[in-house]
Amino acid sequence: MSGPILVAAQGYVFGFTVLATLTWSSRGVGPEALRWYAHHFMSDAIQRVREVAAEQARKLPAHRAGELEVALQRALDEQDPALWRYKRGTVHVKCRPQVSVRLEGRVRQLLQPHWERLIELECQNDLYTRRAQYAERLNQRWVAIMDEFVDHPASDEAAQAIKEELDRARQHMMAEQKAAAQWSEDLLRERRRHEGIFEPFTAIEIIQQRSQGQDHETSGQSGEA
């Protein structure tokens, strides 16, 4: 793996850290000789990665490390394979680059509160979704019980008890769905307040009740046989 390659992001204020893993191979060359050839051609390969990384990084703001990683790897994969083949005497060596991208430290600090909030929202989303689903299953269970008593009528006292339980189940479901819908509305209001700050909170799926109207080869140097 190369040392960190620093490239400027869009706007040239912040940047990205790119790490490149270079896999070397050659037919008929043993491991020791291959390591020598890899070391010999390493600087040229790293410079090529740096050039492509700099070109791609200028297109993206400094917090889009994931997008840069995908775009950079695609750009490297689409290059002419001949650019990654090296020759010394009668020996031909091939290099395959793989990259990962890291955020600059200052950007990571700026983004930390954002991601902490996202994690919190994801946990809340899971909680409200599970609560609403549980309440709905509870209601469906009592409806099934009532349907059963259509065919097998119960005594007046038993029927009244079942009706009361069903009413409580319905009230519980409505309360859970109302709480979930209120949380969704609060989230949307918060998104509008923070619309210009990096990525708005669109990674959180608003739970269905509201839309229903309350319902990564590290490798060293290697040879090929």
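- Pairing each heavy atom of Leu19 with each of Pro4, the nearest pair is CD2-CA, 3.7 Å.
- Interatomic distance, CZ of Phe14 versus NE2 of His63, reported as 11.5 Å (0.5 Å rounding).
- Expressed to the nearest 0.5 Å, how far CG of Leu110 lies from CH2 of Trp115 amounts to 14.5 Å.
- When the side-chain hydrogen bond (donor to acceptor under 3.5 Å, both in side chains) test is applied to Gln109, no partner is found at least two apart in sequence or on another chain.
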Intermediate values then yes/no, side-chain contact (heavy atoms from CB on, under 4.5 Å), Val29 and Val93: CA-CA 9 Å; Val29 175; Val93 179; 5.9 Å; no
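- Across all their heavy atoms, Gln98 and Thr23 have their closest contact at OE1-OG1, 4.3 Å.
- Annotation: side chain of Leu6 is in contact with side chain of Thr17 (closest heavy-atom distance under 4.5 Å).
- Contact of the Glu51 side chain with the Gln47 side chain is registered, since non-hydrogen atoms from C-beta on lie closer than 4.5 Å.
- At distances below 3.5 Å, at least one donor-acceptor pair connects side-chain atoms of Gln10 with backbone N or O atoms of Lys59.
- Nearest heavy-atom pair across Ala62 and Leu103 is O-CD2, 3.3 Å.
- A pairwise comparison of heavy atoms in Lys87 and Phe41 identifies O-CZ, 3.9 Å as the closest pair.
- Among all heavy-atom pairs drawn from Pro61 and Ala9, the shortest one is C-CB, 4.2 Å.
- Put simply, the side chain of Trp36 does not reach to within 4.5 Å of the side chain of Glu32, judged on heavy atoms.
- Rounded to the nearest 0.5 Å, atoms NZ (Lys94) and CZ (Arg85) are 6.5 Å apart.
- Linking Ile, Leu, Val, Met, Phe, Trp and Tyr whenever their side-chain heavy atoms come within less than 4.5 Å puts Leu83 and Ile5 in one cluster.
- Leu72 has its side chain within reach of Val18: a pair of non-hydrogen atoms, C-beta onward, lies under 4.5 Å apart.
- Taking the side chain as every heavy atom from C-beta outward, Phe16 and Glu69 never approach each other to under 4.5 Å.
- No donor-acceptor pair closer than 3.5 Å links the side chain of Gln56 to the backbone N or O of Leu68.
- The number of heavy-atom neighbours closer than 6.0 Å to CZ of Arg106, taken from other residues, nucleotides and ligands shown, is above 12.
- For Asp77, the side-chain contact (heavy atoms from CB on, under 4.5 Å) criterion is met by Gln73, not counting sequence neighbours.
- In this structure, Ala75 and Val52 approach most closely via the heavy-atom pair CB-CG1, 3.8 Å.
- By the 30° and 60° cut-offs, the orientation of the rings of Tyr86 relative to Trp24 is tilted.
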